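Whatever order the structure lists ligands and atoms in, that order sets their numbers, starting from 1. Nothing fancy with the numbering, it's 1 onward along the sequence. No experiment lies behind these values; they were computed from the predicted model shown.
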Amino acid sequence: MSLDAAPPISRPLTQRMADAVRTFDGPLTHELVLTPGKFGLGRLPATLQPTSVTQTVCGFCSTGCGLTVHLRDGEAVGLSPATDYPVNLGMACPKGWEALTVLQSDDRATTPLLRDAAGKLQPTDWDTALRTFCERFQNLQAKHGPESVAFLSTGQIPTEEMLFLGALAKFGMGFVHGDSNTRQCMATAATAYKQSLGFDAPPFTYADFEQSDVLVFVGANPCVAHPIMWERVLRNKRSPKIIVVDPRRTETAACATQHLAIQPKSDLTLLYAVAHLLIQSGWIDAEFVAAHTSGFDEFAAHVGRPQFAPETAAAACGLTISELEELAATIHQGERVSFWWTMGVNQSYEGVRAAQAIINLALITGNIGRPGTGANSITGQCNAMGSRMFSCTASLPCGREYTKEADRRETADLLGLDVNRIPAANSLCYDEILDAVRDGRIRGLWIIATNTAHSWINSAEAREVLAKLEFLVVQDMYVSTETAAAAHLILPAAGWGEKEGTFINSERRFGLLKKVARAPGQALADFAIFRALAEYWGCGETFAEWTSPEAVFQIMKRLSAGRTNDITGIADYAVLDRLDGIQWPCDAATAAALEQSQRADEIRERRLFADGRFAHADGRAKLLFDEPRPMPERPCGEYPLVLLTGRGSVSQWHTQTRTSKSAVLRKLYPGRCYVEIHPADAVVIGVTTGDAVVVESRRGALTAAAFITSAVGRGRVFLPMHYAAVNRLTLPHFDPYSRQPSYKDCAVRLRRSKEQPET
Ligand SMILES: Nc1nc2c(c(=O)[nH]1)N[C@H]1C(S)=C(S)[C@@H](COP(=O)(O)OP(=O)(O)OC[C@H]3O[C@@H](n4cnc5c(=O)[nH]c(N)nc54)[C@H](O)[C@@H]3O)O[C@H]1N2
Ligand SMILES: Nc1nc2c(c(=O)[nH]1)N[C@H]1C(S)=C(S)[C@@H](COP(=O)(O)OP(=O)(O)OC[C@H]3O[C@@H](n4cnc5c(=O)[nH]c(N)nc54)[C@H](O)[C@@H]3O)O[C@H]1N2
Ligand code: SF4
Ligand SMILES: [Mo]
């Protein structure tokens, strides 16, 4: 575990290196909007009165709500939801309301920490930290080749930081391998869109929630995971039918007009059966299919087979024939049908094909490109979309590919680089990076804003793998994360609210982040860390233009020119601020129209593919399909139950490094791990709500408090992912196209316990 004796310092401190370190804490960057007394705060004592407000976007989920930050002498003293931001219209969930609170915490990383010879993390200065970073990684590269080091990035830092990180690591430092936690989350949707539509392009705008007649949610629980999107559904005045496909009767399912409590992982069969019924009944948009799709005959032949006839398919999905027929009829009757999916689809060993089965339903019924329609993947993290477009992990910026020479050349030209600095092969994916660490091919890893030791599938194994690393750098806001515990070097990062940049939300909207608070101690914005590292590494020249987030935003514009996500029309941050965020694409003509528009104008909430032209060379969308496959670890006599995992409450965020720091949020969620068990399964082991039970898979066990509810369905249990022990149980298996982990299906058993449930 301990780091070797400190490496020799070879490079003298140049002026530029010194400057890079000295730019620790730039000024607060928001513009002051002087509106004292706004928002009914006039009655507060004068000492607590905010003196001004500014607008920013939330840093938790991908909804991307606008937040009004109340400032006193330029620093944040409170916040409230922005009333006129087109996303949230004055609403926010508890996480948003508490976004400032979680910045104040004793376990914030305030100084770099370096593990000493005795294996103890000791505070150090930035100069030593940056030198150590470079020496150690450079030594590994020199000894074992460029492929012996890798990085794992995130969907939770600003887009400008993501692009800087990817470009620095890959084109500056010579890393070949780098992936991110969006692999755990969005890889399936990104792959599905790219294969089907020709570009990774979720087509919707949030107005579609309000404009649909029929909304079909597959494997999505927006009441918990995207509560403000759900508020938009509640504003729908068309008395919509709401269909929820989820093995559990979730909070969202409880509000639905039809809930299909399918067998876990039978989505593909269900969706093909619906296509079977639609095609057989002639309930398709033949004109749209003929003009805008390819592969229809093959698809119709595939789903036309007896295995997808309602009689057979219903049984496979654990549904009745009439439930299937009702679903098909509802889709047929709806004038505007929108399909929405999230992790119940993406996190599956056949997620890409399941997502495409949803896309196919939208295509064959002509439900895309019109108000209230679409095949719509909801993103998860605040900047999952930024990661898909600009992170240089799975692909080069704006959908370009590492393996295509023309794409590498274009990227190199646009960035002013020698093309040979861009790897010609794809990076290993997240699971492959960990495999390579296990067998010694990768020896150094840099983890930024993700908590692998908690969130990766089969986490006990992941922790063993991390412990094998010769050099692990963790760059995080907090020192107490499960992953930081294994680090040799911790780089203290500023968080949301302490830096500027942009996030791209689920409806493709760039939202502007403001620096409204100072990071504690010597913590730096990730952007500043990357800048300093570029100087220390010796590639500062390459990034001479990358002086500020807004300068990098200008580079992003250049990279997007002429692509499906063209944003060349967005002049600068001031425009983003003035127009309440802007969706991609936005060329000069759109930007001009936006400037002229009023708040209520349609152009402020735009969708894609209105002209039926998709991004494949022939302009058509592809109907792609495959044979459904059984769950690899099915329940059996020994492990009779299927384990589902997911979001537990509105007030918990992932691995809880942030949300556990707010006393308000802590009151809103269970402090100890609980497991949802069906009454019929609870009787078998004789437990009632509140009793401790051991949940055990072939890989590990945990203790949880039983929560007896029929909502989970018989033969299934549900564990919220927020408790670190949960991923000890999960089975590492992946979608073959997207390599996204299949977190929501493995076999477990229960027994009574006298232990305390895990925290
Ligand atoms: N409060 C809160 N909000 C969040 C997050 C958070 O941590 N906390 N995380 C954010 C992120 S990054 C993401 S990706 C999103 C996730 O948002 P969601 O995907 O909505 O959340 P999950 O609970 O992971 O999964 C959704 C549902 O999939 C169901 N499911 C499980 N297996 C299957 C199956 O085989 N088929 C079908 N059809 N459904 C299945 C589960 O029962 C669950 O109800 O939430 C975002 N929002
Ligand atoms: N069993 C199970 N496991 C799952 C899932 C599931 O449904 N079931 N869902 C998966 C999904 S969809 C996701 S997205 C992942 C999420 O998994 P993670 O990404 O591991 O979860 P987070 O807790 O969001 O971790 C983000 C880390 O970044 C830090 N951080 C926050 N802001 C900043 C910043 O600005 N700079 C820096 N440097 N650090 C920052 C936080 O303190 C935290 O340590 O979990 C996956 N794991
Ligand atoms: S819904 Fe998402 S973006 Fe909106 S306040 Fe809650 S966490 Fe923030
Ligand atoms: Mo996610």
**Prompt:** Quick one: are Ser651 and Arg666 in side-chain contact, heavy atoms under 4.5 Å?
**Reply:** no
**Prompt:** Would a 4.5 Å heavy-atom cut-off, applied to side chains only, mark His733 and Pro632 as touching?
**Reply:** yes
**Message:** Regarding ligand 1, does His654 bring an N or O atom to under 3.5 Å of one of the ligand's N or O atoms?
**Reply:** yes
Counting heavy atoms only, which of [options] is nearest [atom]?
atom                    : options                        : value
atom 10 (C) of ligand 1 : Phe217, Phe718, Trp653, Tyr743 : Trp653
atom 27 (C) of ligand 1 : Val245, Asp246, Asn221         : Asp246
atom 24 (O) of ligand 1 : Lys744, Gln347, Met721         : Lys744
atom 32 (N) of ligand 1 : Met186, Arg248, Lys265, His722 : Lys265

**Message:** On the six-membered ring of Tyr723, is Arg672 placed so that its NZ or CZ lies under 6.0 angstrom from the centre and within 45° of the ring axis?
**Reply:** no
**Message:** For Lys661, I'd like to know if atom NZ has over 12 heavy atoms of other residues, nucleotides or ligands within 6.0 Å.
**Reply:** yes
**Asked** In terms of side-chain geometry, is the basic nitrogen of Glu633 or Arg698 positioned less than 4.0 Å from the acidic oxygen of its partner?
**Response** yes
**Salt bridge Lys194-Asp200, side-chain N to carboxylate O under 4.0 Å** = no
**Message:** Quick one about Ser62 and Thr379 (side-chain donor to acceptor, distance below 3.5 Å, no hydrogens or angles considered), yes or no?
**Reply:** yes
**Prompt:** In terms of side-chain heavy atoms, does Tyr478 have a donor or acceptor partner in Arg658 at a distance below 3.5 Å?
**Reply:** no
**Fill in**
The protein N, O or S atoms lying under 2.8 Å from atom 2 (Fe) of ligand 3 are Cys61 SG
**Message:** Does the residue Ser266 have a heavy-atom contact with ligand 1, meaning some pair of atoms that are separated by less than 4.0 Å?
**Reply:** no
**Prompt:** Is it true that Lys95 lies under 4.0 Å from ligand 1, counting heavy atoms only?
**Reply:** yes
